[in-house]
Amino acid sequence: MGGSYEVMSPWAEVDPRPLEGINPRLADLRGRRIGLFHNGKVAAKPITDAVEAELRARYDDITIARFGRTANLEVAETSDRARYEEWVKEVDAVIHAVGD
Amino acid sequence: MYDAVFTERLQKPAVALVNTGFALDARSAASGKGMPGVRVVAETVPCECTEPERIARGVHAVIDDIVAALTVPLTRDEQSPPPPETAGARGIVFDGDLAEVQRFFYQRGWTDGLPIIPPTEAAVEEMLTGTDLPRDCLVGRMIPRLGKVTVEKIAINAVMAGALPIYMPLLIAGVEALLDPKSAFGTFEVSTGSWAPFWVVNGPIREQLHVNGGQGALSPGDIANATIGRAMGLIVKNLGGARKGLEDMGVQGNPGKYTMVTAENEEAIASWEPLHVQHGFQHEDSCVTVSFPNTYLQIWPYGSDDKGILRAIMSNMVPRWRQLTLLVPPGHAQTLADAGWTKGEIASYLYEYARVPAYRTPEFWGTPGMQRVRPPLNAEDPTPLLRSPDTMRVVVSGGAGAFMGMAYGAGTWVTKPVTLPSQWERLVRKYRSLVPNHLRY
């Protein structure tokens with residue numbers, strides 16, 4: 001096809017910002033307090049139930065703490081944020097069940 | 001996934017368990033939040049699974065991976081992620097003939113599958129005549145990628161969609177509607193439910209843009225209806241970064257995502273408040289309203305009087321959906337208005353009397369996420385199909401004939417005013433004659 005087109009990008013720019021790394025991992029889960037989070041999706045809580053059963057079968061000294069949401073919303077954007085922040089302080093790591 | 005990022009920001013190691021089909025989506029979500037290294041374990045538990053044994057099997061299969069995600073030391077990239085790819089977002093990105101441009105854009109994933117109009121400097125400059133805002137004006141940042149939605153980027157995507165410059169004010173208002181947290185756009189745009197943005201245009205701008213709210217308004221053939229929705233779809237994809245199968249995880253998809261635009265026939269029933277007036281604006285304001293249906297049903301009345309119309313609506317309402325936009329053609333609207341019905345009374349009446357036995361509702365079966373505070377006790381208890389009268393809107397739209405439209409969705413309606421540029425009347429005159437003149441046969 002004839003003609004030439006110099007075309008502009010439709011793709012958005014994003015703010016330049018340093019990407020964040022993740023936190024160092026635990027040496028072992030023995031004796032740890034593990035948080036199980038479910039986000040309110042149908043399968044999420046049953047998945048945390050299954051994870052708890054698996055962890056307890058492996059580690060007899062593990063402690064489990066739970067935090068659940070009834071609506072699939074970002075917890076940081078809800079009124080549960082402060083309660084979640086307090087809960088996270090009490091655990092060594094968190095396993096998030098998304099449900100899909 | 002955002003919750004796992006939040007946990008890491010609270011200085012605790014996290015891992016997210018997601019269905020294997022959502023692993024790429026999870027990665028994009030984490031990157032969009034600035035933390036691409038969040039660990040993800042992909043499991044094979046069926047989405048929305050309610051069977052404990054299958055869930056247990058699926059979790060058992062990945063428990064080693066879960067433990068590893070919390071205990072295996074970090075890689076260098078996880079500790080200090082490399083900067084993201086930023087190429088391709090600025091200025092001229094390609095030079096080629098028409099076919100090459102189509103191929104380039106399609107292969108970049110920047111189209112909706114249909115051919116695009118090449119967004120050249122000249123075409124974008126022309127598009128920008130539709131607004132007084134400077135091209136670098138930042139309207140907002142659109143999730144999930146948090147892409148910067150500038151006026152220039154809106155114009156580029158509008159050119160691609162085949163839109164006219166005169167649509168720019170409405171497109172900018174449309175972006176503002178999506179960015180309003182009340183629209184819950186961030187959930188709907190990427191949800192497995194395949195919710196499609198449904199745009200209703202009100203006020204004088206309907207006529208000025210030739211937005212069809214009459215015969216076959218939701219069918220192809222009107223440049224305004226076709227390209228306004230299409231432009232918004234490209235904006236969501238290219239500025240928000242919601243791409244099908246990567247971030248937009250709609251299971252079945254939705255043809256409404258190509259475009260779903262109508263105008264309300266405000267003049268049909270003078271006594272009925274148009275949608276934007278119901279939402280607090282004045283009749284003379286030009287506005288656009290977005291909502292997110294995922295289902296569109298067309299029904300035939302059981303009789304030509306108001307009772308026959310309402311019976312058909314009640315009989316075709318379905319359990320589960322949380323929001324209903326009822327599209328009533330002007331003939332039925334006149335019948336209802338003549339019998340004394342207002343829009344609000346129709347919604348209140350349907351809330352009161354449109355009921356089904358409890359066993360037909362997901363709440364009765366304890367479907368997670370669908371519970372009521374006080375669920376019905378008996379299978380035959382009459383259960384309302386609307387959560388409240390405010391979960392329904394009546395919009396006069398459509399042409400001659402008897403069919404009504406029912407757009408079922410969730411969330412709410414968000415209406416934004418359209419701000420017109422100083423040279424608006426000149427623009428209207430320039431494009432006023434652009435209408436189809438069909439050959440007679």
Side-chain angles (χ1 to χ4, degrees), chain A residues 1-29 34-35 37 39-43 45-47 49-51 53-55 58 69-77 84-85 88-89 91-100, chain B residues 2-4 6-8 10-19 22 34-38 45 47-50 52 55-56 59-60 63 66-67 70-73 78-81 88-90 92-95 97-99 101 110 118-120 124 146-148 153 156-157 160 238-239 368-369:
Chain A
M1 294 184 187
S4 182
Y5 300 86
E6 282 191 340
V7 286
M8 301 180 73
S9 173
W11 187 240
E13 294 184 55
V14 293
D15 290 318
R17 57 175 176 171
L19 297 176
E20 298 171 71
I22 59 175
N23 293 292
R25 303 290 104 172
L26 306 174
D28 194 347
L29 297 192
I34 302 300
F37 176 96
N39 66 347
K41 284 235 170 190
V42 171
K45 184 176 180 302
I47 285 175
D49 293 342
V51 171
E54 291 282 347
L55 291 177
R58 287 178 174 227
R69 305 244 329 117
T70 54
N72 180 24
L73 298 170
E74 191 178 349
V75 69
E77 304 296 327
Y84 184 72
E85 289 174 341
V88 168
K89 286 179 186 170
V91 300
D92 296 309
V94 180
I95 299 170
H96 291 259
V98 176
D100 60 16
Chain B
Y2 291 163
D3 296 317
F6 186 52
T7 299
E8 291 279 356
L10 295 174
Q11 311 293 314
K12 292 294 168 69
V15 58
L17 306 187
V18 303
N19 176 273
F22 288 76
M35 194 181 283
V38 173
V45 175
C47 297
E48 315 283 349
C49 184
T50 59
I55 291 172
V59 168
H60 180 74
I63 191 64
I66 295 171
V67 172
L70 293 177
T71 56
V72 171
E78 287 176 327
Q79 287 176 339
S80 181
R90 187 175 294 184
I92 301 295
V93 288
F94 188 74
D95 184 1
D97 68 22
L98 188 57
V101 168
W110 286 343
T120 61
V124 173
L146 294 179
K148 293 164 76 172
K153 290 293 185 182
I156 292 169
N157 283 277
M160 290 167 60
N238 293 327
L239 305 188

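Labels below follow one simple rule: chain letters A, B, ... track the order of the sequence lines, proteins then strands, and each chain is numbered from 1.
For the pair B:D3 and A:A76, the tightest heavy-atom approach, listed with the atom from each and the gap, is OD1-N, 4.4 Å. In plain terms, the two heavy atoms of A:E54 and B:A56 that are nearest each other are OE2-O, 4.4 Å. Here the closest heavy-atom approach between residue A:I95 and residue B:I66 is recorded as CD1-CG2, 3.7 Å.
Within the 4.5 Å cutoff, the side chain of B:V67 has heavy atoms near those of the A:L29 side chain. Between A:V75 and B:Y2 the shortest side-chain heavy-atom distance does not fall below 4.5 Å. Put simply, the side chain of B:M35 does not reach to within 4.5 Å of the side chain of A:L19, judged on heavy atoms. Here the side chains of A:R58 and B:I63 are in contact, with some heavy-atom distance below 4.5 Å. Two residues are said to be in side-chain contact when any heavy atoms from C-beta on lie closer than 4.5 Å; A:V98 and B:L17 fail this criterion. Side-chain contact check for A:P10 versus B:M160: some heavy-atom pair is nearer than 4.5 Å. Contact annotation: the side chain of A:V14 never approaches that of B:K148 to less than 4.5 Å [non-hydrogen atoms, C-beta and beyond]. Taking 4.5 Å as the limit, some side-chain heavy atom of B:L10 sits within range of a side-chain heavy atom of A:E85.
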B:D95 vs A:S4, test: side chain to side chain donor-acceptor pair (under 3.5 Å). Steps then yes/no.
CA-CA 7 Å; B:D95 184 1; A:S4 182; 2.6 Å; yes
Does B:T7 form a side-chain contact (heavy atoms from CB on, under 4.5 Å) with A:Y84? I'd like the steps, not just the answer.
CA-CA 9 Å; B:T7 299; A:Y84 184 72; 2.5 Å; yes
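For B:P52, no part lies under 4.5 angstrom from a heavy atom of chain A.
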